[in-house]
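A quick note: this is a predicted structure, and the numbers were derived from the prediction, not measured.
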Amino acid sequence: QVQLVESGGGLVQPGGSLRLSCEASGFNLDYYPIGWFRQAPGKEREGVGCISRTGSGAETYYGESVKGRFTVSRDSAKNTVYLQMDSLKPDDTAVYYCARDTRPYNYCSIYGSVYSDWGQGTQVTVSS
């Protein structure tokens with residue numbers, strides 16, 4: 001059974017850091033592009049970042065609002081993808097989701113419509 005489970009969310013002060021984890025079961029994360037997304041109350045879902053499949057050099061791509069602050073990485077041994085979030089701002093408050101793209105492409109995308117499998121999400125709150 002394909003499953004993605006996010007963890008690591010919580011409450012953090014502005015300027016702080018968090019690392020989110022996306023652990024996969026039922027498939028090998030190395031073979032698929034993985035994306036991170038977020039959705040705040042009353043707002044549309046936003047693409048945060050993504051990482052291509054391992055064979056494609058594990059290239060990453062980020063949304064403009066997080067570029068330079070967030071980093072996506074992969075640990076193949078743990079079948080887990082991470083989202084390192086630094087210099088957090090109150091506007092980063094949202095539920096964060098990871099997702100799997102099953103299309104036969106090597107690149108990754110931050111457009112949520114191309115992703116077919118989603119985790120349940122983890123809440124991140126940035127507040128003093």
Inset, instruction - Look at the side-chain heavy atoms of Ile, Leu, Val, Met, Phe, Trp and Tyr, link any pair under 4.5 Å apart, and say whether Tyr32 and Tyr97 land in one connected group. - result: no
Legend entry - Close side-chain approach of Leu18 to Val124, heavy-atom, < 4.5 Å: yes
Inset, instruction - Taking the six-membered ring for Trp and the single ring otherwise, decide whether the centroids of Tyr115 and Phe37 are under 6.0 Å apart. - result: yes
Inset, instruction - Measure the shortest side-chain to side-chain distance between Ser52 and Tyr107 over non-hydrogen atoms and say whether it is less than 4.5 angstrom. - result: no
Inset, instruction - Would you name the heavy atoms of Val66 and Val48 that are closest together and state the gap between them? - result: CG2-O, 3.3 Å
Legend entry - Heavy-atom pair with the smallest gap, counting every atom of Pro33 and Cys108: CB-CB, 3.9 Å
Inset, instruction - Please lay out, stage by stage, how Ser116 and Thr102 fare under the test side-chain hydrogen bond (donor to acceptor under 3.5 Å, both in side chains). - result: CA-CA 7 Å; Ser116 55; Thr102 58; 3.1 Å; yes
Legend entry - Interatomic spacing from OG in Ser127 to CD in Gln13 - rounded to 0.5 Å: 8.5 Å
Legend entry - Pairwise side-chain contact, Pro90 with Pro14, heavy-atom cut-off 4.5 Å (strictly under): yes
Legend entry - Ser7-Thr122 side chain donor-acceptor pair, cut-off 3.5 Å: no
Legend entry - Residue pair Gln84 / Tyr82, side-chain heavy-atom distance below 4.5 Å: no
Legend entry - Nearest-0.5 Å distance, CD1 of residue Ile34 to CD1 of residue Ile51: 9.0 Å
Legend entry - Pair Asp92 + Arg38: basic N to acidic O under 4.0 Å: yes
Inset, instruction - Hey, could you give me the SG/CG distance between Cys22 and Asn79, rounded to the nearest 0.5 Å? - result: 9.0 Å
Legend entry - Exceeds 12 heavy-atom contacts within 6.0 angstrom, atom CD of Gln39: yes
Legend entry - Minimum heavy-atom distance Thr71-Tyr62, with the two atoms named: CA-OH, 3.3 Å
Inset, instruction - Give a yes-or-no answer on whether the side chains of Glu46 and Ser65 include a donor-acceptor pair shorter than 3.5 Å. - result: yes
Inset, instruction - Calculate, to the nearest 0.5 Å, the distance between atoms OG1 and CG belonging to Thr93 and Leu88 respectively. - result: 8.5 Å
Legend entry - Distance (rounded to the nearest 0.5 Å) between Tyr96 OH and Phe70 CZ: 4.0 Å
Legend entry - Heavy-atom side-chain contact between Asp30 and Arg74 under 4.5 Å: yes
Inset, instruction - For residues Ser87 and Ser17, report the shortest heavy-atom separation together with the two atoms involved. - result: N-OG, 4.4 Å
Inset, instruction - Would you indicate whether Phe27, at its atom CZ, is surrounded by more than 12 heavy atoms from other residues, nucleotides or ligands within a distance under 6.0 Å? - result: yes
Inset, instruction - Treat each ILVMFWY residue as a node, draw an edge where side-chain heavy atoms are under 4.5 Å apart, and state whether Leu20 and Ile110 are in one component. - result: no
Legend entry - Residue pair Leu4 / Gln120: nearest heavy atoms and the distance that separates them: O-OE1, 3.6 Å
Legend entry - Gap between atom OH of Tyr31 and atom CZ of Arg100 - 0.5 Å precision: 13.0 Å
Inset, instruction - Identify whether the distance between the nearest side-chain nitrogen and carboxylate oxygen of Lys89 and Asp91 falls below 4.0 Å. - result: no
